[in-house]
Amino acid sequence: MKAAWITTALLALHSLSAARDWTQPTLAERAAEAAGRSPWESAFWIGLGLAGTLAAMTLLGLSLVYAERKIAARFQCRLGPTRVGWRGTLQTLADTFKLISKADLVPRDADRLLFFTAPWLVVSGMLLALVNIPASPLLFVVDLNIGLLFISAVGALSVLGILLGGWASNNKWSLLGSMRAGAQIISYELSLTLSLLVIVLFTGSLSLGEIVQSQQEGWWLWRGHLPAMVAFLVFVIASTAELNRTPFDLAEGESELTAGFHTEYSGLRFALFYLAEFLNMFIAAGLAATLFLGGWMPLHIAGLQTFNRVMDFIPPLVWFGLKTGGLIFVFMWLRWTFPRLRIDQLLKLEWRFLLPLSMVNLLVAALVLLLGVYGKGGPA
Amino acid sequence: MTPKTLTLQDLLRTDFAPGGGTQEYFVNMGPQHPATHGVLRLLLKLDGETLRQVIPVLGYIHRGIEKICEHQTYRQIVHLSDRLDYLSALANNWCVTRVVERAAGIETNERIETIRTLMAELERLQSHTLWWGVFGMDLGAFTPFLHGFRDREELTQIFEDTIGARLTMNYIQPGGLLHDLHKDFAPRVRAWLKDFGTKVDEYDRMLSGNLIAQKRLVDIGALSGDEALGLGATGPVLRASGVPWDLRRVRPYGVYDQLDFVVPVGEKGDCWDRYWVRIEEMRQSLALCETLIENIPEGKTMLVKPAAKIRLPEGTFYEELETPRGIFGVHLHSRGKDMPWRFHFRSPNLHNLWCITKIAPGARVADIVAMLAGLDLIVPDMDR
Amino acid sequence: MAVGHAEGPGQNLLLTRLEDVISWARSNSLWPLTFGTSCCAIEMMMASGASHHDLARFGAEVTRPSPRQADLLIVAGTIVKRMAQPLRTLYEQMPEPRYVIATGACVISGGPFIYHSYSSLRGVDDVIPVDVYVPGCPPRPEGLFYGILTLQRMIRERAGLKHPEERRAPVTAALPEGITKQEIQAEMLELFEAQGRRNVHEEYRRTVSDPGAKGAYPGRGERG
Amino acid sequence: MSDWLEDFIAGKEGAELLADDRPRSLLLPLPALIGSMQALKAQGFDMLNDHMAVDNPEGEHIRLLWLLCSTESGELLRVCCDLPRQQPVAPSLNALWPVAEWQEREVYDLFGVLYSGHPDLRRLFLEDDWEGWPLRKDYEDSFILEPGKP
């Protein structure tokens, strides 16, 4: 009986992973295709995409916050939440319910319209970026041909939200925090985009689906030689800064600015900021995994046929999860290890070091591309 | 002509900053702010992120201890001294005890003095571990906070074995000690000291060697030796500025005259020097404790009847000693009763606080947090 | 928070369920404000911060520096006249439902500063309403835990949605429902494991297996 | 040890050595205060360790005490000065030791001693509108609770 279950499960897994023709249509394409035949079918696909994204957002938010608290606890020789649910798994759910059911406070002198808009702006930017991330060939809401450009564009919406929130709160600490966040995010956006451009150069496409497929023969991290590695490092540093996480968490800087730009936010709106922070981390990690680590592609090592077969058997979603999870762990590791930079040091790091580095790196990448020395060896 | 008195309102004037043309503004840091470790309130005059002026506003925990002391017997005052600088409660107890013992002419024996010295050194370690943890947290690294507290907790339990209290000790009393040592005291302290030796190195690996931490500390808030003396700074703050002024060495009390230790002295007096001096003091205290725990002589631990009323002769008496934060002094003005006429504490934290008004202008908002952490202030001790 | 009354079994089952869920959520997610004035604050930090006690187990380690995001105000340390106004402001800045735990003798009655002081308040309940009092000078971290567990139970037992302003007389808490002593002991062992404190761990195991052991942890032996 | 201090007060009218030793105490008349302090600082007393006041209602004066410390010789010296209780005005030592600014604010706050030449004479601990000087012996406040009295 047991054996039968295991075989069925393995077969099911295999059928998921056996979707090896990588031209699977995305949900958006299915909807467009269906639109000609029946509007209902089209609506079904659109609804599925929306519901899927929202569900993923909630689930990811809950589990990431839980993971962060547990991981932090382990770094600090503690246990973390243990009481609510099995080993504290329902802790974040309780937090969410509590935050939603808190009283709705708006400071008297706040700019009400902006105060209400800010958290939704942050979340909607994050949501728009999330639909682009290819989690597996089957779980792909939309594959825009300008996917990368779109993600960096809507990612910038969160800056606007933070600036508005800090301004609308009518609190000096909030304002200081949001101004810091503005200066920081706008600066680091430059080297972030430049490091993305390296991969765009290599693949010749802005579509995330195509970028994943271009890595069939090897992850860009290895195939791209030095420029890709440098770009990966710059990407990780710059996205930590974009995420406002330690060592770049100046916008919130608990010990300096009480709670930074969201000092005056409570209840649901604070929960949205909190959610956006964690989902942005997922997006950054997912993007890094997609661009540099082959997305949902399994790990292949040239010459080891049996090994590669076994790797093929693991479903793409698991691969994507593993890679993204690893990067998220790195982000959390950084957060619970490093002290915080000062604002002038932070800007110096970007303008005097990272920006020149990534510019030179882009030129080197172009050179590598011209000479055609990339594309061989390494794990794929 | 009577001198003019001011109120806080008179100071709240902003201006356009010279050169830049931007307007200055005031921000309240505290009384509820995570960086001020309690209820210290700093009024910051800022130009953008640059500090122009710092106005400390005290009194949010002014409990009038000096007034209360005038109505307490000398034994009761010991327990009030716990609640000043609660992280150096034993040192405060000891200082009050010393001034009462000298005024009453009580001589103590070698065992009492050795245990007092040992306890004071252990408490210095305990206080510095807490400082290190909070220091890390102020710089934005949360993990050191928990590691510091982890090591502190162990020592707290050792204290609790003997003293029966975790924080407000009330252990060193006029005439001796409240209790003798617990029978597990020596083995537990030995085990802890052995363990803690590796922990100090861990602290170094975790925070001292961190590039970001060094960038945040080196050359921030430099204070020269003369300035520090003029501002009344004592303890690690003064020693970081290059003045080797340590009462344990200059005017030894307890059994410090029989002990061999180095007084760490900084060079520039910046935040890094203050950090380094304290880390080095931990190592020195560790060595001192290792020596002391092996050399506790036999003898009685209480030389006067605990219930006896202490009546002091008329006069003004003063004693001071070196707590983890600097010189703690006690003025006692007696009129021959069993309660003092006037009792005054010289607070090390109050004097160290004024350094912030000197070193902060021109720095950034983030720097003031590093400076406050480097000065290691305990607010109830300032306000009394 | 005008939610209809749900009285008696069978009536408005959905709302009753919702109330249960929300009380469960509120009781399990008490985020304290980082607020402390003196000695009790250190013991509070020992409880919330120190890995040895780990307030995170109850989901209350998310200390928020901003009152807007906090649910629980732990008044730790003496409150003097000058601090009364800021404290009241802090309390009013917290969104409902908000809870207050008064720790230590000073905030309960004035403690050692009750007589002859011209500035110490004699009990913080002159300024803000208090839900749970935790005595001690300062109370041990375990005492604070007891206070928090008591508060959790109070939240679960009262109809918070119907009457958010209602304050009830304190109730006493034993072990939390559904949790046995063995589970707590196992958790403590795991905690020591996480700290890498073998000696303490072994000592504790000895105590657990043989409660009568001499010099049993933590420091409950007779004085020498 | 004792010689320099006796020489020091020899030329000053009204100055006397007090009986308290450890630290040795010196009583100076108000007019000679600033000059003597300047001389003492020049002699190596580079640290103003503490400043306090003692109320003396029977003598109708408030005694101010300064504690000086020399980091070279390690010597402590207490300097005292009596002020009338009704209108206590003392010169500020702010120019000699910057820390005096705040120590004097504390004494002003608790005893109501005014300092001439002080740049920022505000209350240190209590609110600006507090009435009375709490550490004076005749301070009365209905807020104060005493044991045995309701």
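Each chain gets a letter, A, B and so on, in the order its sequence line appears, and its residues count up from 1.
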Hey, what's the ring geometry for A:Tyr274 with C:Trp31, parallel, tilted or perpendicular (30° and 60° as the breaks)? tilted

Atom CH2 of C:Trp24 with >12 non-hydrogen neighbours under 6.0 angstrom: yes

Check whether more than 12 heavy atoms from other residues, nucleotides or ligands sit under 6.0 Å from atom CZ of A:Phe97, and answer yes or no. no

Measure distances from A:Leu99 to the heavy atoms of chain C and classify the residue's part below 4.5 Å as side chain, backbone, both or neither.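 Contact with chain C: side chain only.
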
Relative to chain C, which segment of A:Arg87 carries a heavy atom at a distance below 4.5 Å: side chain, backbone, both, or neither? side chain

Return the minimal non-hydrogen interatomic distance between C:Ala25 and A:Ala94, and the atom names on each side.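 Taking every non-hydrogen atom into account, CB-O, 3.3 Å.
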
Closest non-hydrogen atom pair between A:Ala103 and C:Pro95, with its separation: O-CB, 3.8 Å

So which of A:Gly88, A:Pro81, A:Pro107 has the largest heavy-atom pair count under 4.5 angstrom toward chain C?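 Highest number of pairs under 4.5 Å: A:Pro81.
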
Among the options A:Ala73, A:Gly80, A:Ser266, pick out the one with the most heavy-atom pairs lying under 4.5 Å from chain C. A:Gly80

Point-to-point distance, once rounded to the nearest 0.5 Å, from [atom1] of [X] to [atom2] of [Y]:
{"X": "A:Leu90", "Y": "C:Asn28", "atom1": "CG", "atom2": "CG", "result": "9.0 Å"}
{"X": "C:Arg98", "Y": "A:Lys102", "atom1": "CZ", "atom2": "NZ", "result": "9.0 Å"}
{"X": "A:Asp95", "Y": "C:Asp71", "atom1": "CG", "atom2": "CG", "result": "8.5 Å"}
{"X": "C:Arg64", "Y": "A:His262", "atom1": "CZ", "atom2": "NE2", "result": "5.5 Å"}
{"X": "C:Ser29", "Y": "A:Leu93", "atom1": "OG", "atom2": "CG", "result": "10.5 Å"}
{"X": "C:Gln69", "Y": "A:Glu264", "atom1": "CD", "atom2": "CD", "result": "9.0 Å"}

Main chain of A:Leu105, side chain of C:Arg68: is a donor-acceptor contact present, judged purely on distance under 3.5 Å?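 Checking the backbone N and O of A:Leu105 against the side chain of C:Arg68, no donor-acceptor pair under 3.5 Å is found.
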
Do any N or O atoms from the side chain of A:Lys98 and from the backbone of C:Ile22 form a donor-acceptor pair under 3.5 angstrom? no

For chain C, find its close neighbours in residues 341-349 of chain A: heavy-atom separation under 4.5 Å, sorted by number, or none.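 Within residues 341-349 of chain A, no residue comes under 4.5 Å from chain C.
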
